[in-house]
Student: 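Take this structure, written in C-alpha cells, and hold onto it; I'll ask about it next.
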Amino acid sequence: MVDLSKLRSDSVKVGVERAPHRAILKCLGVTESDMSKPFIAIANSYTTAVPGHMHLNRLADFVKAGIREAGGVPFEFNTIAICDGLTMGHKGMHYSLPSRELIADSVEVMVEANRFDGLVLLTNCDKITPGMLMAAARLNIPSIVVTGGPMLSGVFKGRRVDVTAIFEAIGEVAAGKMSLEDLKMMEDYAFPGCGSCNGMYTANSMACITEALGLSMPGCATALAVSSAKLRIAKESGKRIVELVKRDLKPLEILKLEAFENAIMVDMALGGSTNTVLHLKAVANEAGVDLPLSLFDDLGRKTPHLCDMRPSGPYDLQELDAAGGIPAVMKELRSLIHLDMITVTGKTVGENIKDAVVYDRRVIRPFENPVHREGGIAILTGSLAPKGAVVKTAAISPKILVHKGPARVFDSEEDAMKAILAGEIREGDVIIIRYEGPKGGPGMREMLSPTAAVAGMGLSDSVVLVTDGRFSGATRGPCIGHVSPEAAEGGPIAVVEDGDEVEVDIPKRILNLLIDEDELEDRLKRWKPKPPRVKRGYLRRYSMLVRSADEGGTFKYL
C-alpha cells in the first residue's frame, strides 16, 4: 500500500512554497481537507460532435461520485474525439488515425503538468480508446478505463440497420436496388441514440480488448450506453481508481505480453476489426512489449471464432452483453488464455471470470463448436506485402478465400470510388488503392465507402480490395489492408500496373504480385516518390514522423 502522505500531487500542494498553488486549487473549490487526498484526473472525450461521446458528461458525474465516495478529489479535463463515420470518404478521414497520437500526447501533458495521482480514462470510439491506452502505458500511474458503451440497433422496415447498412445502401442505390426515398428513410433509423456503433466495429472491438487486457471493470465493454449498468460501472470505476492509487497498481504491471496475448485471442474469438492490430501494436510499443505481426497470426490459428457479430454476422453488442459479455467469452477461452494476469479489479483474470456464465449459445458458441475453427483476423505476406497485410477473415465468403485476378490500380480512394460507382469494376478484379498509408495518405484513411459500394453492388463475393490504407470495422468481404511497406515508402504496391495478376490465398496467408522477380526489381529501381500531398500543418508533421502500419503507425523518435 502507498503512504498517502507521499503522493505525486504533493509536489503541487505541500509546503510553504506551494501557497500560490494551493490558492489556485482553492479557487477551483478544493477544500483544506481535500489537500491530503489523492488527486484523480478524469480524461473525458465528451463532445457533442460524436454520437459515441455525447453522453460521456453524464458518465463523468458518476465517475466523480465514485472518486469522492472513496476519498479522492476528481479533476476533469477533455480530449478531442473524431467520429470515423462522419469523416469517412472525404478529406476529414486523413485526420482520424493521426488524432490518436494527439490524444495520447494531450493526456500525457495534462497529467504530468498537474502531477495527478491517478487517472480515469473516459472514452468510447475508434482512435480515442487506443490513444487513451497509449497514454496510460506511457504515464504508468494508476489508471482505469471506462468505455462509454454501444448504442442500440436501428430498425428499418423490419430489419436491423446500422452504419454498415447505410453505407452499403449507397451502392444499392447506384445499382438500382434501392430508391432514394428508402435511402432517406433509412437515414432516420440507422442510429437510434448515443453510444458507439452497435456491431463489432473498431470502437467496440477496442472496448472489448481493453476489458480483456484488464484495464476496465468486468462487463464494461458491452454494457449499453443507455443502460443503468453503465452508470454503475462508471461509479465503481471511480471508487476503484482511488484503491488503485492506494495499492500503487500501475498499467505496466497489467500490460505484460501475456495480457496482450489474452486481448488478441479475445479479439480473434469476437471477429473484431482489423484496426485492432494497428492499435494493439501502438499500445504495446508504449508499454515496451514486442508484438510482431506473426504473433497475431499464430494466436489466430489456434483461437476459434466464437461470436458471429455484426457487420458480418447477425448479432449486436446488446445480444453479446445479454449472453454474458467478455467475461463469458474469456471463460470459454480459458484453456488458451493466461488466467493469472492481474487486472484493475486487483484480482486475476481467472478470479474475475470464475462465476461467468454463457447465457446464449447462439451468440457465444462453445469452444468445440465455433463459427470458424480459426480466429477472425489473418496476417498475409508475399511479394506484394513483404512486411505484412491484414484481413478480417470472419467477414469473407468461403467462395473467395482463394483468388487470382487482374489488378485495377488507383492512386487514391476518390479515384477508386468513381470507378466503382461508374460500373467499371468487373467480377474477378483486384482493386488496388495505394498512396493511402500512414505517410502517403497521409493518415491511413479507412476505406468503408468503396468497400460498402462494392458490397452494395453485389460484388463482395467476386472482387478483392487491397490497400496500404485501412478498412473500417464495418467492412465486410475480401478487403486486405495495412499493406507494408506502403506505396509512399516504395513498397511493391507502388509499382503494380493495371492488368498485373494478383494472387490471394487467405488459408495459406499469401498475397503475391505475379510478375517476374527481375521485372519487380526493375520497377522498384525506377520508382520515384510522389511529392507530399500536404505541405503544412499537423498532417505534414505527422507524415514526417509516422512509421509504417506494421509498426502500428506510431511516431518514430528522432
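Note that the structure is a prediction, hence the values are computed from the model and not measured. When reading the values below, keep in mind they use all heavy atoms of this one structure, side chains included, and skip hydrogens, waters and symmetry mates.
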Student: Are Lys246 and Glu243 ion-paired here, with the side-chain N under 4.0 Å from a carboxylate O?
Tutor: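 Salt bridge present between Lys246 and Glu243.
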
Student: Checking side chain to side chain contact (heavy atoms under 4.5 Å, CB included) for the pair Leu152/Leu224: CA distance, chi angles, key distance, verdict?
Tutor: CA-CA 7 Å; Leu152 295 164; Leu224 288 173; 3.7 Å; yes

Student: Kindly say whether Thr129 contributes a backbone atom to a donor-acceptor pair with the side chain of Thr123 at under 3.5 angstrom?
Tutor: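 Here the side-chain-to-backbone pair exists.
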
Student: Can you say whether the rings of His305 and His372 are parallel (under 30°), tilted (30 to 60°) or perpendicular (over 60°)?
Tutor: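 Because their plane-to-plane angle is under 30°, the rings of His305 and His372 count as parallel.
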
Student: Working to the nearest 0.5 angstrom, can you tell me the gap between Asn78 CG and Ser106 OG?
Tutor: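 It comes to 9.5 Å.
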
Student: Step by step, would you call Val242 with Glu69 a side chain to side chain contact (heavy atoms under 4.5 Å, CB included)?
Tutor: CA-CA 9 Å; Val242 179; Glu69 184 176 322; over 6 Å; no

Student: With the threshold set at 4.0 Å, does a side-chain nitrogen-carboxylate oxygen contact exist between Glu486 and Lys387?
Tutor: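 A salt bridge is absent here (no side-chain N lies under 4.0 Å from a carboxylate O).
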
Student: Give a yes or no on this: more than 12 heavy atoms of other residues, nucleotides or ligands lie within 6.0 Å of atom CZ of Arg115.
Tutor: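 Yes, CZ of Arg115 has more than 12 neighbouring heavy atoms, counting only those of other groups under 6.0 Å.
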
Student: Do Ser143 and Val120 make a side-chain contact, defined as non-hydrogen atoms from C-beta onward lying under 4.5 Å apart?
Tutor: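 In short, these two side chains do not touch, never coming nearer than 4.5 Å.
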
Student: Might you work through the side chain to side chain contact (heavy atoms under 4.5 Å, CB included) test for Glu374 and Met268, ending with a clear yes or no?
Tutor: CA-CA 8 Å; Glu374 295 184 352; Met268 294 294 178; over 6 Å; no

Student: Do NZ/NE/NH1/NH2 and the carboxylate oxygens of Asp297 and Arg301 come within less than 4.0 Å?
Tutor: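 Counted as a salt bridge, because a side-chain N and a carboxylate O are separated by less than 4.0 Å.
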
Student: Between His94 (side chain only) and Gly441 (backbone N and O only), is there a donor and an acceptor less than 3.5 Å apart?
Tutor: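 Flag set: sc His94 to bb Gly441 pair under 3.5 Å.
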
Student: Donor-acceptor check, side chain of Lys230 to backbone of Thr147, threshold 3.5 angstrom: yes or no?
Tutor: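 Side chain of Lys230 to backbone of Thr147: a pair is present.
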
Student: If every non-hydrogen atom of Leu320 is compared with every non-hydrogen atom of Cys307, which pair is closest and at what distance?
Tutor: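 In terms of heavy atoms, the two residues are closest at CD1-SG, 4.2 Å.
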
Student: Salt-bridged, Glu286 to Arg100, with N to O below 4.0 Å?
Tutor: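 No, this pair does not count.
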
Student: I'd like to know if the side chain of Asp162 and the backbone of Asn198 have a donor-acceptor N/O pair within less than 3.5 Å.
Tutor: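 No: the side chain of Asp162 does not pair with the backbone of Asn198.
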
Student: Inspect the contact between Glu319 and Arg160 and indicate whether a charged nitrogen and a carboxylate oxygen are less than 4.0 angstrom apart.
Tutor: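 Judged by the 4.0 Å cut-off on N to carboxylate O distance, Arg160 and Glu319 do form a salt bridge.
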
Student: Between Lys392 and Phe471, is NZ or CZ placed under 6.0 angstrom from the six-membered ring centre and within 45° of the ring axis?
Tutor: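 Relative to the ring axis of Phe471, which defines the angle, Lys392 lies outside at least one limit.
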
Student: Around atom CZ of Arg362, are there more than 12 heavy atoms of other residues, nucleotides or ligands at under 6.0 Å?
Tutor: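 Counting neighbours around CZ of Arg362, 12 or fewer heavy atoms of other residues, nucleotides or ligands fall under 6.0 Å, so no.
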
Student: About how many Å separate CG of Asp550 and CG of Leu278, when rounded to the nearest 0.5 Å?
Tutor: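 Between Leu278 CG and Asp550 CG, I get 10.0 Å after rounding to 0.5 Å.
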
Student: Keeping the roles fixed (side chain from Asp117, backbone from Ile40), state whether a donor-acceptor pair exists under 3.5 Å.
Tutor: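 No.
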
Student: May I ask you to decide whether Glu351 forms a salt bridge with Lys347, counting only side-chain N to carboxylate O separations under 4.0 Å?
Tutor: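 A salt bridge is absent here (no side-chain N lies under 4.0 Å from a carboxylate O).
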
Student: Whether the Ser45 and Thr79 side chains hold a donor-acceptor pair (N or O, under 3.5 Å, no angle test) is what I'd like checked.
Tutor: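 There is no such pair (donor and acceptor under 3.5 Å, judged by atom type) between the side chains of Ser45 and Thr79.
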
Student: Just by distance, do the side chain of Glu211 and the backbone of Cys208 share a donor-acceptor pair under 3.5 Å?
Tutor: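 Not confirmed, Glu211 side chain does not pair with Cys208 backbone.
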
Student: Between Met217 and Ile233, which heavy-atom pair has the shortest distance, and what is it?
Tutor: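 So the minimum-distance heavy-atom pair works out to CB-CG2, 4.4 Å.
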
Student: Which heavy atom of Thr164 sits nearest to which heavy atom of Tyr201, and what is that distance?
Tutor: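 Taking every non-hydrogen atom into account, OG1-OH, 3.0 Å.
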
Student: Could you tell me if the side chain of Val245 sits less than 4.5 Å from the side chain of Leu7, heavy atoms only?
Tutor: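 Yes - at least one pair of side-chain heavy atoms lies under 4.5 Å apart.
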
Student: Is there a donor-acceptor pair under 3.5 Å between the side chain of His53 and the backbone N or O of Cys125?
Tutor: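 Checking the backbone N and O of Cys125 against the side chain of His53, a donor-acceptor pair under 3.5 Å is found.
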
Student: So, Lys239 and Glu236, do they make that salt bridge, N to O below 4.0 Å?
Tutor: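 Salt bridge: yes.
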
Student: Working to the nearest 0.5 Å, report the span between CD of Glu261 and CG of Asp298.
Tutor: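 Between Glu261 CD and Asp298 CG, I get 9.5 Å after rounding to 0.5 Å.
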
Student: Work out which heavy atom in Gly149 is nearest to a heavy atom in Ala225; give both atom names and the distance.
Tutor: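 So the two residues come closest at O-CB, 3.6 Å.
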
Student: Under a 4.5 Å cut-off applied to non-hydrogen side-chain atoms, are Leu539 and Pro98 in contact?
Tutor: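 A side-chain contact under 4.5 Å exists here.
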
Student: Determine, step by step, whether Leu270 and Ile326 satisfy the side chain to side chain contact (heavy atoms under 4.5 Å, CB included) criterion, reporting the C-alpha distance in whole Å, the side-chain angles of both residues, the deciding distance to 0.1 Å, and the verdict.
Tutor: CA-CA 9 Å; Leu270 295 170; Ile326 299 308; 4.0 Å; yes

Student: How many angstroms lie between CD1 in Ile209 and CD1 in Ile264, if you round to the nearest 0.5 Å?
Tutor: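 The distance works out to 8.0 Å.
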
Student: Should the pair Arg58-Asp61 be classified as a salt bridge under the 4.0 Å nitrogen-to-oxygen rule?
Tutor: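 So Arg58 does not pair with Asp61 through a salt bridge.
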
Student: Does the side chain of Ser273 come within less than 4.5 Å of Met200's, by heavy atoms?
Tutor: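 Met200 vs Ser273: side chains apart.
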
Student: What I want to find out is whether Arg138 reaches Asp105 closely enough, with some N-O distance under 4.0 Å, to be called a salt bridge.
Tutor: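 Salt bridge: yes.
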
Student: Assign the ring pair Phe77 / Phe116 to parallel, tilted or perpendicular, where the plane angle (0 to 90°) is split at 30° and 60°.
Tutor: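 Rings of Phe77 and Phe116: parallel, as their planes differ by under 30°.
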
Student: Using only atom types and a distance under 3.5 Å, with no angle test, would you say the side chain of Asn204 pairs donor to acceptor with the backbone of Cys197?
Tutor: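 Side chain of Asn204 to backbone of Cys197, a donor-acceptor pair under 3.5 Å: yes, one is there.
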
Student: For Asp84 and Met93, which heavy atoms make the closest approach, and how far apart are they?
Tutor: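 Scanning both residues completely, I find the closest heavy atoms to be O-CE, 3.5 Å.
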
Student: Hey, does Leu317 have a side-chain heavy atom less than 4.5 Å from the side chain of Arg310?
Tutor: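 No, their side chains stay 4.5 Å or more apart.
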
Student: Under 4.5 Å between any side-chain heavy atoms of Ser294 and Ile379, yes or no?
Tutor: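 Side chain of Ser294 against side chain of Ile379, heavy atoms only: no contact under 4.5 Å found.
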
Student: Donor-acceptor pair, Arg470 side chain versus Gly481 backbone, under 3.5 Å?
Tutor: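 Side chain of Arg470 to backbone of Gly481: no pair is present.
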
Student: How many angstroms lie between CD1 in Ile80 and CG in Leu102, if you round to the nearest 0.5 Å?
Tutor: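 Answer for the CD1-CG pair, Ile80 versus Leu102, is 5.0 Å.
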
Student: Testing the 3.5 Å rule here: is there a donor-acceptor pair between the side chains of Thr87 and Ser96?
Tutor: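 Looking only at side-chain atoms, Ser96 and Thr87 do not form any donor-acceptor pair under 3.5 Å.
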
Student: Look only at the side chain of Glu332 and the backbone of Phe367, and say whether a donor-acceptor pair between them is shorter than 3.5 Å.
Tutor: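 Indeed, once roles are kept as given, a pair shorter than 3.5 Å links the two residues.
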
Student: Could you tell me the separation between the OH atom of Tyr542 and the OH atom of Tyr95, rounded to the nearest 0.5 Å?
Tutor: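 One gets 12.5 Å once the value is rounded to the nearest 0.5 Å.
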
Student: Minimum heavy-atom separation for Leu97 and His279, please, with both atom names.
Tutor: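 Taking every non-hydrogen atom into account, CD1-CE1, 3.9 Å.
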
Student: Is there a side-chain contact between Val546 and Pro442, using heavy atoms and a 4.5 Å cut-off?
Tutor: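 Heavy-atom side-chain distance check fails, nothing below 4.5 Å.
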
Student: If we only count heavy atoms from C-beta on, is the Arg8 to Val111 side-chain gap below 4.5 Å?
Tutor: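 A side-chain contact exists here, since the closest heavy-atom pair is under 4.5 Å.
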
Student: One thing to verify: whether Glu446 and Lys127 come together as a salt bridge, which I'm taking to mean a side-chain N less than 4.0 angstrom from a carboxylate O.
Tutor: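 A salt bridge is present here (some side-chain N lies under 4.0 Å from a carboxylate O).
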
